[in-house]
There are 2 protein chains.
Amino acid sequence: MATTAPKLEARGGESRREALLDAAAEMFAAKGYDGTSIRDIAGAVGMLPGSLYYHFKSKEDLLIAVYRKGVARFEAAIDQALASTGADPWQAIEAACAAHLSILLDGGDYARIVNPEFVRSFPAEMLPTLNAERDRYERHFEKLIAALPLAAETDRWLFKVALFGSLNWSQTWYRKGRYTPQDIAAAFIGMLRKQDA
Amino acid sequence: MATTAPKLEARGGESRREALLDAAAEMFAAKGYDGTSIRDIAGAVGMLPGSLYYHFKSKEDLLIAVYRKGVARFEAAIDQALASTGADPWQAIEAACAAHLSILLDGGDYARIVNPEFVRSFPAEMLPTLNAERDRYERHFEKLIAALPLAAETDRWLFKVALFGSLNWSQTWYRKGRYTPQDIAAAFIGMLRKQDA
DNA sequence: GAGGCTACCAAACAAGTGTTTGCTATGGCA
DNA sequence: TGCCATAGCAAACACTTGTTTGGTAGCCTC
């Protein structure tokens, strides 16, 4: 009965925009950007196609919003993982990998949008915008790798892309049950960690 | 002046079909399956859209033909690489990886189609057909990995997906010049090869 | 030189696309 | 009570899509 309550969302409000984002993420992940129509997305939340344009000014605009939310999830997960990790660099990167995998594999539909190979199907003119978001995220890993006591001849750039490849590829084969994200992270880091280091 | 020459391809013949395949591979790789129209492909070889249906009975049919050709290139490359390699299992898998990368990175547009993350954008009903082709190819690598003297605790399945991930991810970052496929293969295998094995 | 096959053109079809426009019911605020 | 922003409906617009259909020039064979 509070009279000062911000009474927005009477019949919809901000939550409707969120519902559209969720529906878009789900359908983009399932059928791709081109394979999903404005009518599909609007219909999923019981809305007519034209009404969606009250919340987003274009289909691309909607995609960018979904993508941003996806990247934000990854960043939040790794921030949290690193906050509760000791100083050992191998332990730190394993924790970061586990966090990355847990979002990638069990993080819902938003996470699937962020995959660069997925992004390739988007309109070309928006690639710079999207890639900038992702590059910033990858820099977290570059820092972690810089701190590793690797053999002198190891190329740290190739180390990074090798690790990232292994991690992101897991989207291709992962099925719930057999391995946990932690299992996979531990195994991958274990393989890359020379016994004598 | 040979009178017995197989005079096909007078105005087109089999070479026209091949030209369509090339154009389709190029445009699928560049703009995706949905992003490429029949009109684009036909136009690229100076043909009207309807005429394409003389050579292929549908757009999906065309895609399958391109995909098959892509897989065949990978198989031919690794067959050849393994034929000229000694018995050392590490050397063998490094050669296979280098062959895989050379096709993936410098093998033209056909190779890009084979990427599973790319395939995800295709019509769902054709995935079984395409995946069967690819699984057969991956089995070559499983055999090579089975022969490796890995540490007892190493999960060879995870080893395979880690390696495949690193290899295929290179499509995302590779630019001509800095590294050769052989460089990358050697570096990746070097990282995965424990010093004491 | 008549028939038939190859390879293609020309034109349309039905369906689906992203987007725009004009309008309207609802609730909060002065 | 009147006003105004919110949130959405209803209907269309202009365009692109994969595909089909009927026709036809050129070559090969008999």
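In the text below, chain A, chain B and the rest are named by the order of the sequence lines, each starting its count at 1.
Taking atom CE on M47(B) and atom P on dT6(C), their separation rounds to 15 Å, with Å as the unit. If you measure from atom CZ of F56(A) to atom C1' of dG18(C), you get 16 Å, rounded to the nearest angstrom. Rounded to an integer number of Å, the gap from CD of E60(B) to C1' of dG18(D) is 10 Å. When rounded to the nearest whole Å, the span between OH of Y53(A) and P of dA10(D) equals 18 Å. The nearest whole Å value for the distance from the CG atom in L48(A) to the P atom in dC23(C) is 18 Å.
Looking only at atom types and distance, the side chain of D155(B) has a donor-acceptor partner in the side chain of Y179(A) under 3.5 Å away.
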How far apart are the C-alpha atoms of H100(B) and Y137(B), what are their side-chain angles, what is the distance that settles it, and do they pass the ring-ring contact (aromatic ring centres under 6.0 Å, His included) test? CA-CA 11 Å; H100(B) 180 85; Y137(B) 171 68; 5.7 Å; yes

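Looking at every heavy atom in both residues, L20(A) comes nearest to A42(A) through CD2-CA, 4.3 Å. Scanning both residues, D40(B) and G35(B), for their nearest heavy atoms gives OD2-O, 4.1 Å. Shortest non-hydrogen contact noted between F159(B) and M191(A) is N-CE, 3.4 Å. Of all non-hydrogen atoms in V114(A) and R134(A), the two that sit nearest each other are O-NE, 3.3 Å.
Contacts between residues 31-46 of chain A and DNA chain C, defined by a heavy-atom separation under 4.0 Å, are made by T36(A), S37(A), I38(A), R39(A).
For Y54(B), the listed nucleotide lying nearest its side chain is dC8(C); candidates were dG8(D), dC8(C), dC9(D). Here the side chain of K59(A) is nearest to one of dT20(D), dT19(C), dC8(C), namely dT19(C). Proximity note for R16(B) (side chain, C-beta onward) versus dC9(C), dG8(D), dC8(C): the nearest is dC8(C).
Applying the 4.0 Å criterion to OP1 and OP2 of dG8(D), one finds that H55(A) has a side-chain N or O inside that range. For the OP1/OP2 pair of dC9(C) and a distance below 4.0 Å, the side-chain nitrogens and oxygens of S51(B) include at least one atom meeting the criterion.
An end-to-end axis angle of 20° holds for the helix from dA15(C)-dT16(D) to dA30(C)-dT1(D), taken from five base pairs per end and rounded to 10°.
With a 6.0 Å radius and a threshold of 12 heavy atoms from other residues, nucleotides or ligands, Q80(B) has its CD atom at or below the threshold.
For the atom pair F188(A) CZ and W169(A) CH2, the distance stands at 11.5 Å (nearest 0.5 Å).
The salt bridge (Lys or Arg N to Asp or Glu O under 4.0 Å) test applied to E60(A) returns no partner, not counting sequence neighbours.
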